[in-house]
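We number each residue from 1, following the sequence as shown.
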Amino acid sequence: MILIDKLAYSSRLRYRSPGLKALLAVGALVLCVAARSFIVSLSMLCVMGCLTVTFGGTSFGRYVRLMALPLGFLLMSTVAVVFHMSEEPSAIFSLGIGSRYLVTDSSSLVYGLRLLATALSAVSCLYFLSLTTPLADILGVLRFIRCPGLVIELMFLIYRFTFVILELASAILTAQQCRLGNKDFRTAMHGVGQMFAVLLQRALAKSSMLYDAMEARCYNGRIQVLGRTCRATAREKVGVGLFFAVFIGLAVVCRVYGGSI
């Protein structure tokens with residue numbers, strides 16, 4: 001079981017209404033992207049982080065480590081936005097490269113930082129949903145909103161097969177380490193190539209065995225998963241309504257009076 005799945009099943013918010021949690025997460029994500037404001041994004045990042053850590057029960061250290069994973073990719077993409085080539089030097093930063101300059105100005109710097117804040121707040125919204133709601137409950141919400149059954153089954157099979165591949169890869173890596181397969185860089189690279197080759201063959205064999213097992217259990221083209229009915233209380237609905245009212249008001253104020261913030 002991977003860490004996110006384990007945290008979702010052990011969350012204190014697991015048995016709360018999955019539909020309400022999905023509405024909260026998706027609505028907050030759309031609000032962050034639509035507002036494109038430092039204040040809204042940073043406020044949303046703090047609020048969703050508090051909901052996940054304080055109410056969901058996820059430890060702060062694990063949450064920070066999970067947030068650090070996409071942060072590296074976001075920083076690399078932000079650098080590509082902030083810096084650009086120009087024929088004239090910039091007052092903030094400029095580096096001569098031949099006859100041109102690698103520069104950043106105030107507008108591109110503000111745009112890049114705003115983009116980084118928006119992306120981080122959007123990630124925090126998705127983490128709130130994934131760290132408090134197991135996949136079966138999320139698929140139940142998709143089934144409720146009439147998402148095509150083929151899409152739901154593909155999502156379920158791909159997600160579950162991820163665990164099979166991770167287990168196979170872990171066993172192969174352990175076997176290689178026992179045989180000093182990573183004693184130097186060249187040997188380690190050769191071992192990684194061999195691992196992927198063997199992993200592809202075993203994954204195909206496992207998928208065939210999985211389908212045979214489903215056929216033996218009367219699989220008729222539709223996967224039936226038992227779900228738990230968790231209805232939202234009136235207090236939770238009011239809380240989510242106040243949440244959206246506050247952040248929509250904050251987004252409007254920032255758009256009208258905040259300018260670039």
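Listed by chain and residue number, F38, L109 satisfy the side-chain contact (heavy atoms from CB on, under 4.5 Å) test with L113 (two or more places apart in sequence, or in another chain). With sequence neighbours left out, the side-chain contact (heavy atoms from CB on, under 4.5 Å) criterion links V30 to V26. When the side-chain contact (heavy atoms from CB on, under 4.5 Å) test is applied to K237, the partners found at least two apart in sequence or on another chain are A232. For the side-chain contact (heavy atoms from CB on, under 4.5 Å) test, residues two or more places apart in sequence or in another chain that qualify with L126 are L29. Annotation: ring pair (Phe, Tyr, Trp, His ring centres under 6.0 Å) contacts of F247 (sequence neighbours excluded): F243. Judged as a side-chain hydrogen bond (donor to acceptor under 3.5 Å, both in side chains), and not counting sequence neighbours, the contacts of Q194 are H190. Among residues two or more places apart in sequence or in another chain, the ring pair (Phe, Tyr, Trp, His ring centres under 6.0 Å) test is passed with F161 by none. E236 is linked by a salt bridge (Lys or Arg N to Asp or Glu O under 4.0 Å) to R16, counting only residues two or more places apart in sequence or in another chain.
Closest approach of V141 to A22, counting heavy atoms only: CG1-CB, 4.2 Å. Of all the heavy atoms in G27 and F244, the pair that sits closest is C-CE2, 3.6 Å.
Using a 4.5 Å heavy-atom threshold, the side chains of F156 and I152 count as separate. For the pair Y159/L139, no side-chain contact is recorded, criterion being any heavy-atom separation below 4.5 Å from C-beta on. Using a 4.5 Å heavy-atom cutoff, the side chains of L142 and M155 are in contact.
Looking only at distances, no side-chain donor or acceptor of R14 sits under 3.5 Å from a matching main-chain atom of P134. Judged by distance alone, with hydrogens and angles left aside, the side-chain atoms of R146 form a donor-acceptor pair with the main-chain N or O of F144 at under 3.5 Å. At least one donor-acceptor pair under 3.5 Å links the side chain of T174 to the backbone N or O of S170. A side-chain donor-acceptor contact under 3.5 Å links K21 to the backbone of T132. Proximity of a side-chain donor or acceptor of S11 to a complementary backbone N or O of A8 within less than 3.5 Å is not detected.
Cluster annotation: L166 and L157 are assigned to the same hydrophobic cluster (Ile/Leu/Val/Met/Phe/Trp/Tyr, side-chain heavy-atom contacts under 4.5 Å, transitive). Using a 4.5 Å cut-off between side-chain heavy atoms of Ile, Leu, Val, Met, Phe, Trp and Tyr, with links allowed through other members, I172 and L200 fall into different hydrophobic clusters.
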Would you mind writing out the side-chain donor-acceptor pairs for residues 55-79 within the sub-3.5 Å range, not counting sequence neighbours?
residue	atom	partner	partner atom	Å
S59	OG	R62	N	3.4
S77	OG	F73	O	3.3
S77	OG	L74	O	2.8
T78	OG1	L74	O	2.6

Quiz: residues 39-53 side-chain donor-acceptor pairs under 3.5 angstrom, not counting sequence neighbours:
residue	atom	partner	partner atom	Å
S41	OG	S37	O	2.8
S41	OG	T118	OG1	3.4
S43	OG	I39	O	2.7
T52	OG1	M48	O	2.8

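The distance from the CG atom of L13 to the OG1 atom of T133 is 8.0 Å, given to the nearest 0.5 Å. To the nearest 0.5 Å, atoms OG (S130) and CG (D5) are separated by 10.0 Å. The CG atom of L210 lies 11.0 Å from the CD atom of E215; values are rounded to the nearest 0.5 Å. Taking OG1 from T54 and CZ from R12, the interatomic distance works out to 8.0 Å, rounded to the nearest 0.5 Å. Between atom CE of residue M189 and atom OG1 of residue T187 there is a gap of 10.0 Å, rounded to the nearest 0.5 Å. Between the CG atom of L31 and the CG atom of L250 there is a distance of 8.5 Å, given to the nearest 0.5 Å.
Here M209 is tied to no hydrophobic group at all, with no ILVMFWY side chain closer than 4.5 Å. As a member of the Ile/Leu/Val/Met/Phe/Trp/Tyr network built from side-chain separations under 4.5 Å, L129 groups with I138.
Heavy-atom neighbours of Y211 OH from other residues, nucleotides or ligands within 6.0 Å: at or below the threshold of 12.
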